[in-house]
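The analysis underlying the following values was restricted to heavy atoms, covering all of them including side chains, and did not include hydrogens, waters or symmetry mates.
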Amino acid sequence: MEQGRPRTAVPLPSAGVPAQAGPARGEHVHDEREHGYGHPLPGARRDTARPERSERTEEPARGERPARRMPQRYSVRGQVLDALRKALVSGELIPGEVYSGPALGERFGVSATPVREAMQQLVLEGAVEVVPNRGFRVASRTARDLAELAEVRTLLELPAMLQLARTLPARTWSELLPLAETAAAVAASGDRAGYAEADRAFHRALLGLTGNRQLVMVADELHRRAQWPTPHGPVRRTADLVADAAEHLTLLDALAAQDLAGVESLVTRHFTGAAGRAHSSPSGD
C-alpha cells in the first residue's frame with residue numbers, strides 16, 4: 001500500500017514491463033515467466049524429441065562445452081528502473097511522498113522484488129531515500145542543490161568544451177546537429193521524460209568527442225541528478241524545454257566558430273538557467 005498519501009494512485013508508465021501471471025501478489029518465484037524470459041535459453045531442451053533434419057543447428061566443436069547464457073534478470077529490473085526514472089522526471093512520483101515496493105509492483109504487474117532492486121539503484125543515485133518498514137521517499141531538491149549541481153557540471157564540462165572548440169574542425173559539430181534537432185522536437189511535444197533522455201544524449205555525444213569515458217560517465221550522472229524533481233510539481237513547462245533545447249543549437253554554432261567567449265557564456269547560462277527554471281516553474285504548460 002502506498003503510504004504518505006491517503007491511497008491516491010499515481011499512474012506510472014508501464015514502459016513495456018510485461019504483466020506477471022502465476023504467483024499471488026507478494027510472492028516471488030524464480031522462474032522464466034516472472035522475469036520476462038519468453039524463450040528457452042540457448043541449448044535448453046523442452047522435450048526429448050530430436051530436431052528435424054531440416055533445422056540448422058550448430059553443434060559445439062568436439063571437446064568444447066556449449067556456452068551457457070545466464071538468465072537476464074535485468075530485463076525486468078531495468079525496465080522498472082527506466083519507468084521509475086521517467087515517472088520521477090515527469091513529476092508522477094512526488095517529492096516527499098513515500099512509495100512501497102508492493103504497491104509499485106502491483107502497478108507494474110511484477111513482484112515487489114524487481115521494484116525494490118530498482119529503487120535501491122535510485123537510492124544510490126540520490127533520487128529516493130529508504131524509509132524503514134514503509135518504502136522509499138522521493139528526495140526533494142532545493143534551489144541550493146540545483147545551483148551546486150550546475151556549478152559542478154560547469155567545472156567539469158566547460159573546460160572540455162573549450163578544448164574541443166580549439167582543436168576540432170567546424171564540420172565535426174554538424175555531426176551533432178541531428179541529436180540537437182531531435183531534442184528540440186521532443187521539447188516542443190512537451191514530453192518531459194523524453195526530453196530528459198534526449199538532453200542527456202546530446203551532452204553525452206558532445207563530451208564523447210573528448211575520448212574520456214570517465215568524464216562522460218561522471219557528467220551524465222550529475223546531469224541525471226540535476227533532472228530529478230523539485231517539491232513544486234512537474235519539473236518544467238513546455239516553454240522551458242523549448243528554450244533549453246534551443247541553446248543546444250546555439251552552442252553548436254559557437255563551437256563551430258571557435259567562439260570561446262560565446263561557448264563559456266552559453267554553457268554557464270545553459271546549466272544555471274536550467275537549474276533556475278527547474279526550481280521555479282509552475283506545473284502548467
Side-chain angles (χ1 to χ4, degrees), residues 74 77-78 80-89 93 95 117-130 136 138-168 172-173 175-176 179-180 182-183 186-187 192-230 235-236 241 244-245 247-248 250-252 254-255 260 263-279:
Y74 181 81
R77 186 189 75 91
V80 172
L81 180 59
D82 288 344
L84 287 171
R85 283 172 171 163
K86 290 178 181 178
L88 283 164
V89 171
L93 290 182
E117 291 173 350
M119 280 295 200
Q120 289 296 340
Q121 177 60 38
L122 293 178
V123 170
L124 296 177
E125 295 176 5
V128 300
E129 306 161 348
V130 176
F136 301 87
V138 178
S140 297
R141 290 285 185 269
T142 65
R144 178 175 178 175
D145 293 331
L146 295 173
E148 289 175 351
L149 285 166
E151 181 180 2
V152 175
R153 290 185 64 201
T154 302
L155 290 171
L156 275 178
E157 297 189 39
L158 178 57
M161 292 187 194
L162 292 174
Q163 181 61 25
L164 291 172
R166 294 187 188 100
T167 57
L168 294 183
T172 302
W173 303 109
E175 298 173 2
L176 298 183
L179 286 173
T182 296
V186 176
R192 296 178 179 88
Y195 179 71
E197 293 295 328
D199 182 24
R200 286 178 36 243
F202 173 82
H203 283 271
R204 282 197 304 268
L206 197 161
L207 293 177
L209 295 173
T210 66
N212 189 326
R213 295 172 299 172
Q214 301 303 315
L215 171 63
V216 174
M217 286 192 297
V218 172
D220 188 55
E221 178 58 30
L222 289 171
H223 195 169
R224 188 195 299 279
R225 286 173 180 259
Q227 293 174 333
W228 293 141
T230 67
V235 180
R236 299 181 186 176
L241 303 182
D244 193 78
E247 291 175 353
H248 294 158
T250 307
L251 177 59
L252 289 179
L255 289 165
L260 302 186
V263 169
E264 182 171 0
S265 175
L266 282 165
V267 170
T268 303
R269 185 171 72 246
H270 186 61
F271 291 163
T272 58
R277 287 190 293 264
H279 185 72

Taking the six-membered ring for Trp, are His203 and His248 parallel (under 30°), tilted (30 to 60°) or perpendicular (over 60°)? perpendicular
Locate the shortest heavy-atom distance separating Leu207 from Ala219; write the atom from each residue and the value. CD1-CB, 3.5 Å
From Arg153 atom CZ to Phe271 atom CZ, the distance as rounded to the nearest 0.5 Å: 4.0 Å
Spacing of CD belonging to Glu157 relative to CG belonging to Leu164, to within rounding of 0.5 Å: 11.0 Å
Do Trp173 and Leu209 have side chains that get closer than 4.5 Å, going by heavy atoms? yes
Between atom CG of Leu84 and atom CZ of Arg77, what is the distance when rounded to the nearest 0.5 Å? 11.0 Å
Looking at CG of Leu122 and CD of Glu117, how far apart are the two atoms once the value is rounded to the nearest 0.5 Å? 12.5 Å
Just by modelled atom types, is the Ala196 backbone N or O under 3.5 Å from a matching donor or acceptor in the Gln227 side chain? yes
Walk me through it: do Leu251 and Val267 pass the test side chain to side chain contact (heavy atoms under 4.5 Å, CB included)? CA-CA 8 Å; Leu251 177 59; Val267 170; 4.0 Å; yes
Nearest atoms (heavy-atom pairs only) where Gly126 meets Ala139: O-CB, 3.6 Å
Closest approach of Ala118 and Leu81, non-hydrogen atoms and distance? O-CD1, 3.6 Å
For Glu197, give me all partners under side chain to side chain contact (heavy atoms under 4.5 Å, CB included), at least two apart in sequence or on another chain. Arg200
Starting from the C-alpha separation in whole Å, work towards a yes-or-no answer on side chain to side chain contact (heavy atoms under 4.5 Å, CB included) for Val128 and Leu93. CA-CA 10 Å; Val128 300; Leu93 290 182; over 6 Å; no
Take Thr210 and Gln163, measure what side chain to side chain contact (heavy atoms under 4.5 Å, CB included) needs, and give me the verdict at the end. CA-CA 9 Å; Thr210 66; Gln163 181 61 25; over 6 Å; no
So do the side chains of Leu255 and Leu176 get within less than 4.5 Å of each other, counting heavy atoms only? no
Over all heavy atoms of both residues, which pair between Pro95 and Ser140 is shortest? Give the atoms and the distance, please. CB-OG, 3.6 Å
How close do Val89 and Arg192 get, heavy atom to heavy atom, and via which atoms? CG1-O, 3.7 Å
Closest approach of Leu266 and Ala254, non-hydrogen atoms and distance? CD1-CB, 3.8 Å
Distance in Å, His270 NE2 paired with Asp199 CG, rounded so as to fall on 0.5 Å steps: 5.0 Å
Listed once per pair and sorted, the salt bridge (charged side-chain N to carboxylate O under 4.0 Å, His left out) pairs that draw on residues 204-214, sequence neighbours left out: Arg204-Asp220
Measure the spacing between CG of Leu88 and NZ of Lys86 and express it to the nearest 0.5 Å. 12.5 Å
Quick one, Tyr195 and Asp244 - any side-chain contact, counting heavy atoms below 4.5 Å? yes
By side-chain hydrogen bond (donor to acceptor under 3.5 Å, both in side chains), Glu125 pairs with (sequence neighbours left out) Arg85, Gln121
